[in-house]
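Below, read A as the first sequence line, B as the second, and so on, with proteins coming before strands; counting in each chain starts at 1.
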Amino acid sequence: MDYKRTLITSALPYANGPVHIGHLAGVYIPADIYARYLRGKGRPVLFVGGSDEHGVPVTIRARKEGITVQQVVDRYHELIKSSFERFGISFDVYSRTTSDIHHKFASDFFRTLYDGGKFVQQTTEQFYDEETHEFLTDRNIRGECPRCHSAGAYGDQCEKCGATLSPDELINPYNAVNGNPLTKRATSHWYLPLDKYQGWLEQWILEGHKEWRTNVYGQCKSWLDGGLHPRAVTRDLDWGIPVPVEGAEGKVLYVWFDAPIGYISNTKELCDARPDKFGKWETWWQDETTRMIHFIGKDNIVFHCIVFPTMLKAWNECNEGAQYILPDNVPSNEFLNLEGDKISTSRNWAVWLNEYLDDFPGKQDVLRYVLTANAPETKDNDFTWADFQARNNNELVAIYGNFINRAMVLTHKYFEGRVPVCGELNDYDRQTLAELAGIRGRVEELLDAFRFRDAQREAMNLARLGNKYLADTEPWKQAKTDLARTGTILNIALQIAANLAIVFEPFLPFSSASLYEMLDMEEHAWERLGDTDLLEAGHQLREPRLLFEKIEDTAIQAQLDRLARIKKENEAAAWQAPALKAETNIEAFDKSDIRVGTVLECQKVKKSDKLLQFKIDDGMGGRTILSGIAQSYPDPQVLVGKQVLFIANFPPRKMMGIESQGMILSAVNDDGKLVVTTVSAPVRNGVQVG
RNA sequence: CGCGGAGUAGAGCAGUGGUAGCUCGUCAGGCUCAUAACCUGAAGGUCGGGGGUUCAAUUCCCUCCUCCGCAACCA
């Protein structure tokens with residue numbers, strides 16, 4: 001197929017939080033590289049993005065924060081949109097699924113399938129909260145586990161015994177959000193009968209797209225082999241696009257039904273506003289000479305390869321004329337971890353794009369470079385700040401930035417910043433130029449195969465070639481005897497520099513812009529990559545500036561400190577009170593004689609790490625008690641004068657050669673620190689506690 | 001439970017039925033134009049464990065272990 005244009009979609013980020021490095025590495029950076037690459041080649045491209053603003057989680061967040069759902073999605077849509085802009089993700093359109101255009105478009109789309117008889121309607125019994133008037137999703141239902149009988153199992157799984165459950169199995173189910181008891185209520189929904197498209201999908205994917213990435217192909221095959229089932233495309237919710245059918249009040253389109261339609265409605269929004277530049281939306285979606293590519297993460301594979309294509313196919317069956325195209329490829333990435341742990345929005349375990357942009361101003365390209373160099377293209381990968389620093393300092397600064405600086409400084413030193421004349425070439429010059437000429441083919445081959453990591457490495461090899469060329473030809477030595485030869489060498493070095501600006505534009509657009517400016521040249525089309533006459537002899541260069549700067553340890557340490565703090569907060573939040581001990585009774589308790597006494601003296605026991613020695617006024621002549629709490633009280637003096645509780649009838653016990661006559665009661669905090677117990681108002685020393 | 005993906009030098013990743021590669025780091029040497037940057041060379045791996053097929057297995061098959069996804073949040 002000879003395609004005339006490319007439609008690039010990137011998964012719609014969910015407006016429930018900012019975007020983080022996982023989103024960037026998985027979807028937006030590769031999609032942006034691809035879009036910039038094709039534009040550089042002069043190919044018509046439309047790069048679609050937008051916020052996904054429906055679904056349940058935004059409503060939960062709104063309730064938690066006491067604001068409206070609209071306020072939640074407004075906040076995150078704006079934050080996400082501006083972050084992408086600052087980061088240089090070159091969307092042609094970035095809209096949102098709460099837009100009027102989208103509501104109407106998705107509604108019409110549903111209606112077309114409905115009128116065409118493409119849905120099956122089914123009534124089922126679902127759990128319902130009488131007080132909040134809502135049906136609950138599996139995960140929001142909790143109850144006693146039928147297997148291990150522990151409390152608080154979820155509707156889909158018991159975390160104690162690991163059993164997979166359905167909500168019906170739970171004993172005494174309740175609403176996980178508010179604890180309300182639940183009843184069963186009949187509700188009716190529309191289902192997309194994926195099973196009817198099984199044969200068609202098998203043909204299209206398993207036979208027709210064997211070139212898809214193994215993870216994508218394998219996932220599809222797994223679903224198809226397991227047999228597809230009808231999938232509900234409506235939900236009982238008050239947030240979303242109302243189901244455009246009479247008698248469907250209180251029901252909205254399932255978020256996964258409306259979100260991918262957002263790709264289309266966002267395209268329409270753009271084309272309606274800029275027909276001069278982008279033409280009609282139908283050209284992008286319903287012309288078979290358009291090639292569509294979905295950039296997604298691995299968790300979205302089933303929706304983009306099975307559900308959405310089936311929706312489009314069903315729509316096509318309802319229409320005589322216009323027919324939607326299907327994706328030509330769905331390059332899906334695996335996941336990126338952060339410092340060894342999976343990225344999590346709810347646990348705040350992430351590097352947020354907006355925070356990165358604030359913490360590292362002007363360093364968009366560093367993050368782009370690192371996330372591409374370590375992109376999870378074939379398996380989950382790990383992002384570490386140490387790696388981020390190393391790649392910046394050892395690769396961007398030392399190899400790319402340094403080469404540019406060398407070429408610039410030498411030219412200014414020997415030729416007042418003018419591009420010198422290229423004289424006669426020797427074999428080594430020709431060999432170097434031949435390698436330069438080969439770069440384009442290698443990078444293109446990799447980009448066409450969505451191998452961005454390797455493509456960027458190939459681009460970096462051009463900078464390596466430049467460094468090696470300078471090291472081998474030694475123009476600074478030549479300059480002492482043969483200035484013409486020096487000029488030839490520097491001409492070649494500068495041509496390599498100009499080529500670097502072209503080849504890195506899709507990957508590092510900010511640096512390329514800066515490099516173009518330094519070389520004082522117009523942006524060149526991708527097609528000129530490999531040319532050796534990008535800069536003419538006599539052309540005046542600007543003053544050299546550093547393309548990249550070293551990142552110091554302190555900046556990295558600040559990020560690590562932040563993560564350590566978050567980890568600690570998470571651990572504290574995850575802390576649960578220990579299980580109750582076996583039942584006891586008042587008689588057993590009464591055997592312990594707990595008294596109050598005032599601390600007269602308190603000091604560390606010599607040669608002991610943990611022991612503090614107390615002298616207590618117990619109202620009975622005083623006693624000595626040892627307590628293993630020294631590590632929680634670096635300054636024992638703070639305890640002097642305090643009234644503490646202690647067990648008075650334990651047999652004496654010798655520790656470190658000192659006899660302890662009782663036990664001071666302490667509480668163990670969640671971080672392991674011990675805190676002595678005391679009384680809330682002064683009492684007479686020696687009184688009993690009971 | 002099941003299904004899909006992954007497990008390869010200190011770190012991050014390629015790759016292939018026939019003596020195991022890249023980048024960074026490490027070590028040694030060279031160079032000094034350059035952001036102590038650059039260039040050259042070396043060391044470093046029983047390719048997750050076990051079994052099988054084969055003249056030959058890291059690559060094919062079986063089995064087990066670990067991580068991720070399908071399955072809250074979420075790329």
Side-chain angles (χ1 to χ4, degrees), chain A residues 10-14 16-17 19-30 56-57 60-61 137-140 154-157 159 162-164 176 213-223 225-226 295-302 332-337 342-347 349-350 370 373-384 386-387 390-391 393-399 401-414 451 453-454 457 460-461 463-464 466-472 474-479 486 489-490 493 544 546-550:
Chain A
S10 55
L12 304 185
Y14 194 59
N16 193 32
V19 289
H20 53 63
I21 53 172
H23 301 109
L24 296 175
V27 175
Y28 305 105
I29 292 176
V56 179
I60 293 173
R61 179 178 280 268
T137 57
D138 290 0
R139 194 71 192 185
N140 279 334
Y154 289 99
D156 57 351
Q157 187 187 35
E159 294 193 333
T164 303
R213 284 187 183 170
T214 47
N215 58 342
V216 178
Y217 189 89
Q219 179 88 69
C220 292
K221 189 169 185 330
S222 155
W223 273 75
D225 289 351
F295 282 89
I296 57 167
K298 68 173 160 183
D299 55 340
N300 281 344
I301 290 172
V302 63
S332 162
N333 275 345
E334 301 287 303
F335 282 178
L336 187 70
N337 293 324
K342 62 187 292 192
I343 292 175
S344 164
T345 298
S346 53
R347 288 187 299 120
W349 192 253
V370 173
N374 194 24
E377 288 178 6
T378 52
K379 62 168 190 185
D380 290 359
N381 282 346
D382 196 29
F383 175 94
T384 65
D387 181 61
R391 285 195 188 274
N393 293 359
N394 303 329
E395 298 182 34
L396 287 177
V397 171
I399 297 170
N402 188 45
F403 167 68
I404 298 298
N405 196 41
R406 296 172 82 183
M408 291 295 293
V409 167
L410 285 167
T411 304
H412 276 273
K413 184 164 179 178
Y414 298 118
R451 295 175 60 177
R453 189 172 50 192
D454 291 340
R457 180 157 38 204
M460 198 50 133
N461 280 341
R464 291 195 178 91
N467 275 319
K468 185 163 157 45
Y469 179 72
L470 286 182
D472 290 343
E474 300 181 307
W476 51 90
K477 277 190 183 167
Q478 295 289 333
T486 307
I489 293 167
L490 289 180
L546 295 184
L547 215 48
F548 302 98
E549 286 176 347
K550 289 214 163 208

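- Every residue two or more places apart in sequence or in another chain was checked for a ring pair (Phe, Tyr, Trp, His ring centres under 6.0 Å) with A:Phe403, and none qualifies.
- Within 4.0 Å of A:Leu336, counting heavy atoms only, lies at least one base atom of the nucleic acid.
- Straight-line distance between the P atoms of B:rU8 and B:rG50: roughly 15 Å, to the nearest whole Å.
- Applying the side chain to side chain donor-acceptor pair (under 3.5 Å) rule to A:Gln219 yields no partners; only residues at least two apart in sequence or on another chain are considered.
- Listed by chain and number, the residues in a side chain to side chain donor-acceptor pair (under 3.5 Å) with A:Asp380 are A:Lys298 (sequence neighbours excluded).
- Every side-chain contact (heavy atoms from CB on, under 4.5 Å) that A:Asn394 has, sequence neighbours left out, goes to A:Ala390.
- Checked against ring pair (Phe, Tyr, Trp, His ring centres under 6.0 Å), A:His23 has the following partners two or more places apart in sequence or in another chain: A:His20.
- Counting to the nearest Å, the P atom of B:rA11 and the CG atom of A:Asn374 are 14 Å from each other.
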Each nucleotide in nucleotides 57-67 of chain B should get exactly one letter: B, S or -. Can you fill that in based on protein heavy atoms under 4.0 Å? -----------
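- Spacing between B:rA34 and B:rA28 at atom P, rounded to whole Å, works out to 25 Å.
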N/O to N/O distances under 3.5 Å, protein versus nucleotides 34-39 of chain B:
from, atom 1, to, atom 2, distance (Å)
B:rA34, O3', A:Asn405, ND2, 3.0
B:rA34, O2', A:Asn402, OD1, 2.5
B:rA34, O2', A:Asn405, ND2, 3.2
B:rA34, N3, A:Asn402, ND2, 3.3
B:rA34, N3, A:Arg406, NE, 2.9
B:rU35, N3, A:Phe548, O, 2.6
B:rU35, O4, A:Phe548, N, 3.4
B:rU35, O4, A:Phe548, O, 2.9
B:rA37, OP1, A:Lys550, NZ, 3.0
B:rA37, O3', A:Ala398, O, 3.3
B:rA37, O2', A:Ala398, O, 3.2
B:rA37, O2', A:Asn402, OD1, 3.3
B:rA37, O2', A:Asn402, ND2, 2.6
B:rC38, O2', A:Arg406, NH1, 2.8

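- Following rounding to the nearest Å, A:Tyr28 (OH) and B:rC74 (P) show an atom-to-atom distance of 12 Å.
- Among the protein residues, A:Asp225 comes within range of no part of the nucleic acid, since none of its heavy atoms lies under 4.0 Å from any strand.
- The distance from atom CZ of A:Arg213 to atom P of B:rA6 is 12 Å, rounded to the nearest whole Å.
- Regarding A:Arg457, its CZ atom lies at a distance of 5 Å from the C1' atom of B:rC22, rounded to whole Å.
- B:rC65 and B:rU26 have their C1' atoms separated by 32 Å, with the value rounded to a whole Å.
- Within 4.0 Å (heavy atoms only), A:Lys477 reaches sugar-phosphate atoms of the nucleic acid but no base atom.
- Among the atoms of the strands shown, only primed sugar atoms or phosphate atoms (P, OP1, OP2) are found under 4.0 Å from some heavy atom of A:Gly218.
- With sequence neighbours excluded, the residues that form a ring pair (Phe, Tyr, Trp, His ring centres under 6.0 Å) with A:Phe548 are A:Tyr400.
- Atom-to-atom, CZ of A:Phe335 to C1' of B:rG4 comes out at 13 Å; the value is rounded to the nearest Å.
- Using a 4.0 Å heavy-atom cutoff across all strands shown, A:Glu395 reaches sugar-phosphate atoms only and no base atom.
- Applying the side chain to side chain donor-acceptor pair (under 3.5 Å) criterion to A:Tyr469, with sequence neighbours excluded, gives A:Asp429.
- For the residue pair A:Arg464 / A:Asn467, no side-chain donor-acceptor distance below 3.5 Å is found, with atom types taken as modelled.
- If you take CH2 of A:Trp223 and P of B:rC70, they are 10 Å apart, rounded to a whole angstrom.
- Per the geometry, CD1 belonging to A:Ile296 stands 15 Å off P belonging to B:rG69, to the nearest Å.
- With B:rG7, B:rA75, B:rC68 as the candidates, the nucleotide lying closest to the side chain of A:Lys298 is B:rC68.
- Across B:rG49 and B:rG7, the matching C1' atoms stand 12 Å from one another, rounded to whole Å.
- Rounded to a whole angstrom, the distance from the C1' atom of B:rA11 to that of B:rG52 is 34 Å.
- Atom CD1 of A:Ile60 is separated from atom C1' of B:rC73 by 9 Å (rounded to the nearest Å).
- Heavy atoms of A:Ile343 sit under 4.0 angstrom from at least one base atom.
- Rounded to the nearest Å, the gap between the P atom of B:rG10 and that of B:rC3 is 33 Å.
- Using a 4.0 Å heavy-atom cutoff across all strands shown, A:Pro475 reaches no nucleic acid atom at all.
- As rounded to the nearest Å, B:rC22 and B:rU16 have C1' atoms that lie 15 Å from one another.
- Annotation: side chain to side chain donor-acceptor pair (under 3.5 Å) contacts of A:Lys221 (sequence neighbours excluded): A:Asp225.
- Applying the side-chain contact (heavy atoms from CB on, under 4.5 Å) rule to A:Pro57 yields the partners A:Tyr14, A:Asn16; only residues at least two apart in sequence or on another chain are considered.
- Between B:rU19 and B:rC27, the two P atoms lie 32 Å apart (nearest whole Å).
- With the 3.5 Å cutoff on both pairing distances, Watson-Crick and G-U pairs in RNA chain B assemble into runs of at least 3 at B:2-7 with B:65-70, B:10-13 with B:21-24, B:26-30 with B:38-42, B:48-52 with B:60-64.
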